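Here it is, the structure, as structure tokens.
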Amino acid sequence: MVVPEDSESLFNAFATAAFFKFVVFSIFEMRYLLAIWKASRPLSNGEGWEAMRRELSVLYSRFYGILLGGILLMYEFLNHLRLILLLVYSFWIPQIITNVVRDSRKPLHPHYILGITVTRLAIPLYIFGCPNNFLRIEPDHSWCVCLAIFVGLQAAILLLQHYFGSMWFIPRQFLPEKYCYYRRFTQDTNHSTDCVICMTAIDLSPRSNDCMACECVTPCDHFFHSGCLQRWMDIKMECPTCRRPLPPA
Ligand SMILES: [Zn+2]
Ligand SMILES: [Zn+2]
């Protein structure tokens, strides 16, 4: 295989960087990954240790498989390195799809999105954009602009998902029908209800037109202040009283 010199030095640089990243990943980020994995399965501790171990080993083998396969593919297609880099830099797309599939509420902090985007862009922009970079690769400014626009677009979609909901780009008629937290309920006037989140009484008097100010009722017939429940659902999608899963708002 005839490999252009700049591709080879680029591959070596990336392989070295990938190795260090791998070491850092196995030490620190695997724990982070496990914490996320555990948090997204609140009921899994009831299913037994066996099932959890099986699922974990699938997670590990998928990770190492993708890592090894990725390195092999990268070496095989060294001449199309820029295309591969573009593929690698579509790293926000799985997150965008996951947000839509799970209808997540604000899964990532905007600072995190911006920080990861900028720091990941810095290295390829330096290598392909700086005239006197230490890898001695010919600058390719149009490719740099393409990469920056591509990654910037993904980050913009994620940020819009944060502010306008995960499905903002899907037309309303294609969306599944949602549960209404302001639905009518049979009112028991003798019984006063407290919001278990802030421990103060909930005003169950007939509602005004301004729905955002009044109380919410979950599918399991538990009452909360609208603001309290919204803050709660930013963190957990289960009922604060009975821990049943809550539908997305
Ligand atoms: Zn409250
Ligand atoms: Zn409940």
Side-chain angles (χ1 to χ4, degrees), residues 31-56 58-59 94-114 158-170 172-249:
R31 292 181 192 193
Y32 180 51
L33 193 70
L34 282 181
I36 294 175
W37 181 84
K38 250 171 121 176
S40 63
R41 282 168 189 71
L43 297 173
S44 69
N45 38 4
E47 290 164 17
W49 177 239
E50 241 347 276
M52 189 170 136
R53 235 178 40 187
R54 202 165 38 240
E55 233 182 296
L56 267 186
V58 170
L59 188 78
Q95 181 68 50
I96 293 171
I97 294 172
T98 311
N99 287 353
V100 172
V101 170
R102 295 200 184 153
D103 199 4
S104 323
R105 287 171 59 85
K106 307 184 175 174
L108 297 176
H109 197 280
H111 291 173
Y112 177 79
I113 298 172
L114 287 177
L158 268 187
L159 286 175
L160 288 170
Q161 279 187 326
H162 179 88
Y163 292 111
F164 300 111
S166 304
M167 303 203 190
W168 65 270
F169 50 83
I170 299 174
R172 195 170 286 264
Q173 60 263 36
F174 296 120
L175 291 179
E177 207 168 302
K178 282 188 167 184
Y179 173 76
C180 175
Y181 279 90
Y182 304 101
R183 70 180 162 92
R184 292 179 185 286
F185 51 91
T186 46
Q187 202 168 317
D188 183 5
T189 39
N190 300 326
H191 178 71
S192 75
T193 314
D194 284 346
C195 166
V196 300
I197 300 173
C198 65
M199 297 296 180
T200 55
I202 300 173
D203 179 21
L204 290 181
S205 58
R207 299 160 192 209
S208 58
N209 287 331
D210 180 19
C211 239
M212 289 312 283
C214 58
E215 70 285 356
C216 280
V217 53
T218 62
C220 42
D221 286 320
H222 291 122
F223 294 93
F224 308 96
H225 294 119
S226 161
C228 294
L229 191 65
Q230 262 168 32
R231 276 196 302 279
W232 176 274
M233 289 201 301
D234 282 342
I235 297 163
K236 259 188 198 171
M237 290 305 281
E238 58 185 46
C239 173
T241 306
C242 66
R243 303 192 68 185
R244 263 179 265 195
L246 292 175

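Just so it is clear, the model here is predicted, and its values are computed rather than measured. Whatever order the structure lists them in is the order used to number ligands and atoms, beginning at 1.
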Exercise for the section: To the nearest 0.5 angstrom, please state how far the CG atom of Asp194 sits from the NE2 atom of His225. Expected result: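 The NE2 atom of His225 is 8.5 Å from CG of Asp194, to the nearest 0.5 Å.
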Exercise for the section: Could you tell me which non-hydrogen atom of Asn99 sits nearest to which non-hydrogen atom of Pro107, and how far apart they are? Expected result: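 Heavy-atom minimum between the residues: OD1-CG, 3.1 Å.
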Problem - From Leu159 atom CG to Phe164 atom CZ, the distance as rounded to the nearest 0.5 Å - result: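 Spacing of CG (Leu159) from CZ (Phe164) equals 10.5 Å.
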Handout entry: Set of residues satisfying side-chain hydrogen bond (donor to acceptor under 3.5 Å, both in side chains) with respect to Tyr179, sequence neighbours excluded
Key =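 So Tyr179 forms a side-chain hydrogen bond (donor to acceptor under 3.5 Å, both in side chains) with Arg183.
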Practice task
Could you tell me which non-hydrogen atom of Pro247 sits nearest to which non-hydrogen atom of Tyr181, and how far apart they are?
Solution key: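 Reported closest heavy-atom pair: O-OH, 2.6 Å.
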Handout entry: Qualifying residues under side-chain contact (heavy atoms from CB on, under 4.5 Å), relative to Cys220, sequence neighbours excluded
Key =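 Residues passing side-chain contact (heavy atoms from CB on, under 4.5 Å) with Cys220: Thr218, His222, Cys239, Cys242, Arg244.
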Problem - the Zn ion (ligand 2) neighbourhood, protein N/O/S only, threshold under 2.8 Å - result: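 Per the 2.8 Å query on the Zn ion (ligand 2), atoms found are Cys220 SG, His222 ND1, Cys239 SG, Cys242 SG.
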Handout entry: Heavy-atom pair of closest approach, residues Gln161 and Phe169
Key =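 Answer, listing the atom of Gln161 first, then Phe169: NE2-CE2, 3.7 Å.
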Exercise for the section: Take the Zn ion (ligand 1) as the centre and count protein N, O or S atoms at distances under 2.8 Å. Expected result: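 There are 4 of them.
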Handout entry: Pairwise distance CD(Gln95) to CG(Leu158) - rounded to 0.5 angstrom
Key =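 Going from the CD atom of Gln95 to the CG atom of Leu158 covers 6.0 Å.
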Practice task
Please examine the side chains of Leu229 and Pro240, heavy atoms only from C-beta on, and report whether any two atoms are closer than 4.5 Å.
Solution key: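 Yes; the side chains approach each other to less than 4.5 Å.
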